Amino acid sequence: MSTASTIADYIRHNRSLGKRFVAEAAVLSAFSRSVGKMPLLDIRPAMITRFVNREGSSDETIAKKHRALARFFRYAVARRRLKTSPMPSFVRRRGGPSFTPYIYSEAELRRILAAVPAATSTRSGIDADTLRTFVLLLYGAGLRRGEARRLKVEDVDLPRSLLHIKGTKFFKTRIVPISTSLSTVLKAFVAKHRSRHSRDGEDLLFSQKDGTPLKDSVVTEAFRRLREVAGIKRDGGARNQPRLHDLRHSAAVHRVTSWYRAGADLNDLLPKLATYLGHKDLSGTQRYLTMTEELLAEASRRFEAFAQGGRHD
């Protein structure tokens, strides 16, 4: 039996259980392409190692690939398509590249918004108004881009300034309050693009120029152009450049920084932030709180006040 057909069976099996199984399926499909028409019985540990440790991959990406493949081969053994798993032992690379989220400054966010018209050419699949609103929503509501792409018009409660986020990463629904200014932006966007929302029977909030659902690849490429026009980059090559997802990281960091400055009780507010972002617990939120100079300075100020006998929240 071919590797590709077994992977296809495994993906169907997981989706039949109610899983979206998007990220894992992408890893397995990439592995299938890398080995071509190789029979499953002929897969060797060295082939897996080459795929998992592909040059330029971060430790996090390597770990995700290893987990996805390990689960797939356990499935193949359980279904008696293999006698034993060919998975090599996983050894994390020491000193390997690890991606650090990019925290956009408020000035950079303004440059990004200003660059929207120049970044959306006639050949782009997304128009300027859609890209601008999408960026504002990811930052203003701290959404994952998949959550934003799946939003339907009915999920946007404009009178009460609420978003109903369905089908999240952990298969839960949450209600996200949004600011008055963001609600105003969405109200104008819905009114302007109402004629395109009914295409394909999707009634999605965001669509491409032709009215079809907004693809992840289209918005990712549009944001790459947007970032280049805005002149926002960092060292480390193409794989290390600021991402669309970093808008969500930036929203979390900026919120915590403002709480520090206001002297707020972080013990009370951080669990609420975790709920707002759709995390299962605080550990997920902690990964978002990259210590920028501003956040570090505010944390240091708070600690100094505590050490001197001042207020401690």
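These numbers come from a predicted model, not from an experiment.
- Cluster annotation: Val229 and Ile126 are assigned to distinct hydrophobic clusters (Ile/Leu/Val/Met/Phe/Trp/Tyr, side-chain heavy-atom contacts under 4.5 Å, transitive).
- Under a 4.0 Å N-O distance rule, the pair Asp157/Arg160 qualifies as a salt bridge.
- Among all heavy-atom pairs drawn from Arg15 and Ala25, the shortest one is NH2-CB, 3.7 Å.
- Note that Lys65 lies in the cation-pi zone of Phe51, set by a 6.0 Å cut-off to the ring centre and a 45° limit from the axis.
- Here CZ of Phe189 is found 5.0 Å from OG1 of Thr133. Values are rounded to the nearest 0.5 Å.
- The CE atom of Met87 sits 11.5 Å away from atom CD1 of Ile43, with the distance rounded to the nearest 0.5 Å.
- A salt bridge links Asp9 with Arg81; the closest basic N to acidic carboxylate O contact falls under 4.0 Å.
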* Asked: Between Ser29 and Ile11, does a side-chain contact (heavy atoms from CB on, under 4.5 Å) hold up when you go through it step by step?
  -> CA-CA 9 Å; Ser29 297; Ile11 292 173; 4.2 Å; yes
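- Residues Ser258 and Arg255 have side chains that bring a donor and an acceptor to within less than 3.5 angstrom of each other.
- Residue-environment remark: CD (Glu106) stays at or below the threshold of 12 foreign heavy atoms within 6.0 Å.
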* Go through Leu273 and Leu269 one step at a time and tell me if the side-chain contact (heavy atoms from CB on, under 4.5 Å) criterion holds. => CA-CA 6 Å; Leu273 178 62; Leu269 291 171; over 6 Å; no
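- Leu151 and Leu162 fall into different hydrophobic clusters, where Ile, Leu, Val, Met, Phe, Trp and Tyr residues are linked whenever their side-chain heavy atoms come under 4.5 Å apart, directly or through other members.
- One finds the NZ atom of Lys187 at 11.5 Å from the OG1 atom of Thr180 (value rounded to the nearest 0.5 Å).
- Electrostatic pairing of Lys215 and Glu221 does not count as a salt bridge here, judged by no charged N lying under 4.0 Å from a carboxylate O.
- The backbone N or O of His249 lies less than 3.5 Å from no partner atom in the side chain of Asp246, so there is not a single donor-acceptor pair.
- Proximity of Leu143 to Leu247: side-chain heavy atoms (C-beta onward) are nowhere separated by under 4.5 Å.
- Between the side chain of Arg234 and the backbone N or O of Gln241, no donor-acceptor pair lies under 3.5 Å.
- Taking CZ from Phe31 and CD1 from Ile48, the interatomic distance works out to 5.0 Å, rounded to the nearest 0.5 Å.
- Residues Thr220 and Ser217 bring no donor and acceptor atom of their side chains to less than 3.5 Å of each other.
- Taking the six-membered ring where the residue is Trp, Tyr139 and His254 present perpendicular rings, their angle passing 60° and hence far from 30°.
- Proximity of a side-chain donor or acceptor of Ser183 to a complementary backbone N or O of Ser179 within less than 3.5 Å is not detected.
- Remark: Asp129 CG to Lys192 NZ distance equals 4.0 Å, nearest 0.5 Å.
- At distances below 3.5 Å, not a single donor-acceptor pair connects side-chain atoms of Asp127 with backbone N or O atoms of Gln208.
- For the pair Arg174 (side chain) and Ile165 (backbone), a donor-acceptor distance under 3.5 Å is absent.
- A ring-centre distance under 6.0 Å is not found for Phe73 and Tyr75.
- One N or O on the side chain of Arg227 and one on the backbone of Pro242 form a donor-acceptor pair closer than 3.5 Å.
- With hydrogens and angles ignored, the 3.5 Å screen pairs a side-chain donor or acceptor of Arg111 with a backbone N or O of Gly231.
- Using a 4.5 Å heavy-atom threshold, the side chains of Ser34 and Arg50 count as separate.
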* To do: Report the C-alpha distance between Lys166 and Lys152 in whole Å, list the side-chain angles of each, state the deciding distance to 0.1 Å, and finish with yes or no for side-chain contact (heavy atoms from CB on, under 4.5 Å).
  => CA-CA 10 Å; Lys166 304 171 183 176; Lys152 295 183 178 181; over 6 Å; no
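- For the side-chain contact (heavy atoms from CB on, under 4.5 Å) with Val153, the qualifying choice from Leu186, Leu204, Asp203 is Asp203, the only one to do so.
- Cluster membership for Leu28 and Leu41, using ILVMFWY side-chain heavy atoms within less than 4.5 angstrom, is shared.
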* **Test side-chain contact (heavy atoms from CB on, under 4.5 Å) applied to Leu137 and Leu163, step by step** => CA-CA 10 Å; Leu137 187 60; Leu163 302 177; 3.7 Å; yes
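- In the hydrophobic clustering of ILVMFWY residues, with side-chain heavy atoms under 4.5 Å counting as a link, Val22 and Leu244 come out apart.
- The backbone N or O of Tyr104 lies less than 3.5 Å from a partner atom in the side chain of Ser250, making a donor-acceptor pair.
- Here the CZ atom belonging to Arg71 is positioned 9.5 Å from the CG atom belonging to Asn14, to the nearest 0.5 angstrom.
- A distance-only check finds a donor-acceptor pair linking the side chain of Thr6 to the backbone of Ser2 [under 3.5 Å].
- Checking Glu24 against Tyr10 by side-chain atom types alone, no donor-acceptor pair falls below 3.5 Å.
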